[in-house]
Q: 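Following this message is one structure expressed as structure tokens.
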Amino acid sequence: MEKVFALVDCNNFYASCEKMFRPDLADTAVVVLSNNDGCVVARSKEAKALGIKMGVPYFQIRELVEKHGVVAFSSNYALYADMSSRVMTTLEQLAPSIEVYSIDEAFVDLTGVDSCLGLSEFGQQIRTTISDWIGIKVCVGIAPSKTLAKLANHAAKKWSKAEGVVDLTDRVRQRKLMALLPVSEVWGIGSRITKRLNEMHIYTALDLADAPTKHIRSQFSVVVERTVSELNGDSCLRLEEVADKKKEIISSRSFSERITQLSQMQEAISEYVHRACEKLRSQKSNAMQLTVFLRTSPFSDRQTEPYYANSASGELIYPSNDTRDFLHLANQLLSKIWKEGYRYAKSGVMLTDFYDEGIRQQQLFADELGSRCNPALMAVVDQINQQHSRNAIYFAAKGTRQNWSMKRDLLSPAYTTCWSAIPKV
DNA sequence: TCTGGGGTCCTAGGACCC
DNA sequence: TCTGGGGTCCTAGGACCC
């Protein structure tokens with residue numbers, strides 16, 4: 001049977017979440033900022049109409065914000081994650097199988113649906129249900145491959161005439177739409193590849209769909225080759241219903257103010273280790289390898305302020321998910337790359353080389369003393385932090401004041417969850 | 001002054017082995 | 001004197017995504 005996918009994508013998701021609890025802002029331009037209130041990461045339709053671009057640094061639009069009374073929010077991920085899970089749960093009730101692709105979008109398998117109900121009607125049903133139950137507006141794109149469903153969704157958002165649903169199962173409609181869209185709008189085609197495609201006189205999505213596969217393969221990786229097949233309605237990407245366990249876990253942040261002292265950096269790195277290990281345990285993995293990295297600001301003037309960035313990796317004797325094992329290693333690694341005299345802007349840690357809990361390779365010369373691994377203790381720590389506040393219990397290494405922590409001056413309240421942010425002290 | 005964070009996949013090239 | 005070549009594993013880096 002011919003495959004049919006739908007892509008359901010929330011409109012202006014973060015901005016919509018903020019607006020939902022502030023009816024007074026219904027017609028106001030709203031933007032949501034990245035961590036440290038650095039860049040714009042979401043815009044309401046009114047903010048888009050003012051010409052505010054995605055990813056623009058907040059300080060560059062200050063004037064515009066004041067002039068038009070734009071309301072800005074620090075990102076409140078606890079709120080967005082909670083709203084997201086409500087949307088996804090609703091979607092699961094409406095469709096046989098879904099793949100949660102990101103916090104605000106999901107693929108749905110609609111294969112066979114058109115025999116009982118028109119695809120467009122089904123799309124409309126999804127829209128109204130999610131809007132009525134959750135209060136979030138979504139758009140739906142329907143097509144025989146994921147890449148085309150993405151394009152259909154793009155069209156549903158762009159053209160109000162579509163009323164939020166575009167059915168692109170028809171080949172003629174596919175070609176008509178692709179001819180109108182620049183190749184850069186295709187899923188998987190980023191700025192670098194767009195530039196090279198343009199040099200090959202490939203400008204629209206249709207140009208790419210019609211490009212000879214052999215030629216594309218000789219210039220790019222198999223990823224681009226697959227994209228061409230997908231644009232031609234040949235589905236190469238399956239619906240991935242169960243999320244795979246992560247293969248690496250990163251915890252990193254930019255600092256609200258530059259860090260110059262090793263003791264502060266040790267605290268920050270310890271905090272990242274703490275968070276990364278929490279994530280590691282939540283997916284029931286153990287890790288062998290830890291990387292610590294740090295850097296000064298890449299945006300400052302190199303003449304007055306030299307740039308320095310470095311990283312160091314190390315391994316445990318065997319896999320663990322005990323925070324203390326990694327705290328110990330992190331400190332050793334940090335001392336390898338720490339250099340006095342720089343103003344550090346960002347640092348972080350990365351866990352890699354994962355093993356499932358309970359699977360442990362026997363090492364000939366390693367004894368139990370090499371690791372502090374204590375699953376029972378860590379389970380208790382996680383449980384207390386989940387039930388009470390996020391930082392009820394922690395290891396003293398990460399510091400109690402955290403005067404380097406991030407700036408979130410414009411944070412909305414915890415409308416739906418018991419905690420929303422680490423309070424800045 | 002102020003510029004996010006967290007992931008995945010693919011490829012090229014080096015190391016190593018037989 | 002003659003100094004191969006193929007396979008595999010690992011890693012760093014590039015490119016993409018939201």
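Throughout, protein chains are lettered first and strands after them, A, B, ... in sequence-line order, and every chain is numbered starting at 1.
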Q: What class does the angle between the rings of A:F107 and A:F5 fall in, given that below 30° is parallel, 30 to 60° is tilted and above 60° is perpendicular?
A: perpendicular
Q: What integer distance in Å separates A:R238:CZ from B:dT8:P?
A: 16 Å
Q: According to a strict under-4.0 Å criterion, is A:R226 in side-chain N/O contact with OP1 or OP2 of B:dC10?
A: yes
Q: Counting only side-chain heavy atoms from C-beta out, which of B:dC9, B:dT11, B:dC2 sits nearest to A:S221?
A: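 Of the options given, the side chain of A:S221 lies nearest B:dT11.
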Q: Distance check: side-chain N/O of A:K346 vs OP1/OP2 of B:dT3, anything under 4.0 Å?
A: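 Negative; the distance criterion is not met.
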Q: Could A:K150 and A:E230 be called an ion pair, given the rule that one side-chain N must be under 4.0 Å from one carboxylate O?
A: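 Between A:E230 and A:K150 there is no salt bridge, as every charged N stays at least 4.0 Å from the carboxylate O atoms.
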Q: At their closest point, which heavy atom of A:V292 faces which heavy atom of A:V349, and how far apart are they?
A: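 That would be CG2-CG1, 4.2 Å.
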Q: Please work out if A:V186 contacts a base, only the sugar-phosphate, or nothing of the nucleic acid, heavy-atom cut-off 4.0 Å.
A: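 Sugar-phosphate contact only.
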Q: Is it true that A:D356 and A:K284 have a side-chain N and a carboxylate O under 4.0 angstrom from each other?
A: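 The answer is no: the pair does not qualify as a salt bridge.
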Q: In whole angstrom, what separates A:I250's CD1 from B:dG5's P?
A: 11 Å
Q: Contact class for A:E105 (heavy atom, under 4.0 Å): base, sugar-phosphate, or nothing?
A: sugar-phosphate
Q: Against the six-membered ring of A:F255, is A:K346 placed for a cation-pi contact (under 6.0 Å from the centre, within 45° of the normal)?
A: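 Here A:K346 fails the 6.0 Å and 45° test against A:F255.
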Q: Describe the nucleic acid contact of A:S191 in one word from base, sugar-phosphate, nothing, applying a heavy-atom distance below 4.0 Å.
A: sugar-phosphate
Q: Tell me: CZ of A:R253 to P of B:dG5, nearest whole Å?
A: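 In whole Å, B:dG5 P and A:R253 CZ are 6 Å from each other.
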Q: Given C:dC17, B:dG6, B:dG4, identify the nucleotide with an atom nearest to the side chain of A:K279.
A: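 That would be B:dG6.
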Q: How close or far is atom P of C:dC18 from atom CZ of A:R43, stated in whole angstroms?
A: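 It works out to 13 Å between those atoms.
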Q: With rounding to whole Å, what would you report as the distance between C:dC17 and B:dT3 at their P atoms?
A: 25 Å
Q: Under 4.0 Å, counting only non-hydrogen atoms across every strand here, what does A:R343 touch: a base, just sugar-phosphate, or nothing?
A: nothing
Q: Can you figure out which of B:dT3, C:dA15, B:dG5 approaches the side chain of A:S254 most closely?
A: B:dG5
Q: What does A:V222 touch in the nucleic acid at a heavy-atom separation under 4.0 angstrom: a base, only the sugar-phosphate, or nothing?
A: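 Counting heavy atoms under 4.0 Å across all strands, the contact made by A:V222 is with sugar-phosphate only.
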Q: Can you identify which nucleotide, out of B:dG6, B:dG4, C:dC18, has its nearest atom closest to the A:Y77 side chain?
A: B:dG4
Q: Does the side chain of A:N286 come under 3.5 Å of the side chain of A:S320 through a donor N or O and an acceptor N or O?
A: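 Judged by distance alone, the side chains do not pair up.
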Q: Could you tell me the Watson-Crick or G-U partner of B:dC18, where both distances fall under 3.5 Å? Say none if there is no partner.
A: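 Paired with B:dC18, as far as the under-3.5 Å criterion goes, is C:dG5.
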Q: Taking atom P of B:dT1 as reference, at what distance in whole Å does atom CG of A:D301 sit?
A: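 Interatomic distance, CG of A:D301 to P of B:dT1: 11 Å.
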Q: Any side-chain N or O of A:R275 less than 4.0 Å from the OP1 or OP2 oxygen of B:dG6?
A: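 So the side chain of A:R275 is outside the cut-off, no N or O lying under 4.0 Å from OP1 or OP2 of B:dG6.
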Q: Could you tell me the separation between the NZ atom of A:K245 and the P atom of B:dT8, rounded to a whole number of Å?
A: 13 Å
Q: Determine the contact category for A:L33: base if any of its heavy atoms lies under 4.0 Å from a base atom, sugar-phosphate if only primed atoms, P, OP1 or OP2 are that close, otherwise nothing.
A: nothing
Q: Could you tell me whether A:I249 contacts a base, only the sugar-phosphate backbone, or nothing, with contacts defined as non-hydrogen atoms closer than 4.0 Å?
A: sugar-phosphate
Q: The side chain of A:K247 is closest to which nucleotide in this list: B:dG6, B:dC9, B:dG4?
A: B:dC9
Q: Could you check A:A345 against A:S251 and say which one's nearest nucleotide on DNA chain B is further toward the 5' end?
A: A:A345
Q: Quick check: on DNA chain B, is the nucleotide nearest A:S252 upstream (toward 5') of the one nearest A:R258, or the reverse? Name the residue that is more 5'.
A: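 Nearer the 5' end of the strand: A:R258.
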Q: Kindly say if A:R217 contacts the phosphate of B:dT11, meaning a side-chain N or O under 4.0 Å from OP1 or OP2.
A: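 Yes, within the criterion.
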Q: Of all the nucleotides listed (B:dC10, B:dG7, C:dC17), which has the minimum atom distance to the side chain of A:K150?
A: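 Between B:dC10, B:dG7, C:dC17, the one nearest the side chain of A:K150 would be C:dC17.
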Q: Would you mind classifying the nucleic acid contact of A:Y101 as base, sugar-phosphate or nothing, using non-hydrogen atoms under 4.0 angstrom?
A: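 The answer is sugar-phosphate, as A:Y101 gets under 4.0 Å only of primed atoms, P, OP1 or OP2.
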Q: Once you apply a heavy-atom cut-off of 4.0 Å, does A:D37 come out as touching a base, just sugar-phosphate, or nothing?
A: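 No contact.
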Q: May I ask you to verify if any side-chain N or O of A:S34 is less than 4.0 angstrom from the OP1 or OP2 atom of B:dT3?
A: no
Q: What orientation do A:W187 and A:Y101 show, parallel under 30°, tilted 30 to 60°, or perpendicular over 60°?
A: perpendicular
Q: In whole angstrom, what separates A:F107's CZ from C:dC17's P?
A: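 Distance check: A:F107 CZ to C:dC17 P gives 12 Å.
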Q: Roughly how many Å is it from CE in A:M350 to P in C:dA12, rounded to a whole number?
A: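 That distance rounds to 9 Å.
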Q: Between C:dC18, C:dA15, B:dT8, which one does the side chain of A:K246 approach most closely?
A: B:dT8
Q: Do A:Y307 and A:Y342 make the cut of ring centroids closer than 6.0 angstrom?
A: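 Not close enough - the centres of the two rings lie 6.0 Å or further apart.
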Q: Classify the nucleic acid contact of A:S297 as base, sugar-phosphate or nothing, counting any heavy atom under 4.0 Å across all strands shown.
A: nothing
